Amino acid sequence: MTSRVAPVPQDIAELSFEDALKKLEEIVEQLEGGNVPLEKSIEMYTRGDALRKHCEGLLKSAEAKVEKIVVKDGGAAGTEPLDVD
């Protein structure tokens with residue numbers, strides 16, 4: 001049995017990291033309040049999961065772009081990819 005990853009909805013894919021995180025925090029706050037009907041909770045959870053995946057993807061992309069400065073003879077000699085392992 002293979003699991004399929006649902007694509008992130010277009011409206012979420014267009015959000016910046018900060019905006020997506022804010023929307024995710026709002027969903028979490030509402031769900032933690034416990035005053036949301038079951039069906040609405042399921043919809044909100046599904047949207048929150050899509051927001052989480054989008055944020056995670058943006059973070060991985062940013063991490064791949066981070067570079068560290070290579071120092072040679074006391075000065076910057078260039079950059080190389082960040083080794084996160």
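Values below: all heavy atoms of this structure, side chains included; hydrogens, waters and symmetry mates excluded. Fair warning: this is a prediction, and the values are worked out from it, not measured in the lab.
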- Output yes when a side-chain donor or acceptor of His54 lies under 3.5 Å from a complementary backbone atom of Leu15, and no otherwise. yes
- Nearest heavy atoms of Ala50 and Ile12, plus distance in Å: CB-CD1, 3.7 Å
- Task: Dump the intermediate steps for side-chain contact (heavy atoms from CB on, under 4.5 Å) on Arg47 and Asp11, then the final yes or no.
- Result: CA-CA 11 Å; Arg47 184 157 177 84; Asp11 65 319; 2.9 Å; yes
- Note on the structure: Shortest non-hydrogen pair, Ser41 vs Val36, comes out as OG-O, 3.3 Å
- Item | Which atom of Ile27 lies closest to which atom of Gly48, heavy atoms considered | CD1-N, 3.9 Å
- Query: Is Leu31 linked to Ile42 within one hydrophobic cluster, defined over Ile, Leu, Val, Met, Phe, Trp and Tyr using a side-chain heavy-atom separation of less than 4.5 Å?
  - Reply: no
- Query: With distance as the sole test, does Ser61 use its side chain to make a donor-acceptor pair with the main-chain N or O of Gly57 at under 3.5 Å?
  - Reply: no
- Rounded to the nearest 0.5 Å, how far does CG of Leu51 lie from CD of Glu56? 12.5 Å
- Task: Sequence neighbours left out, what passes side chain to side chain contact (heavy atoms under 4.5 Å, CB included) with Tyr45? Give chain and number order.
- Result: none
- Query: So which pairs with a foot in residues 15-35 pass side-chain hydrogen bond (donor to acceptor under 3.5 Å, both in side chains), sequence neighbours left out?
  - Reply: Ser16-Asp19
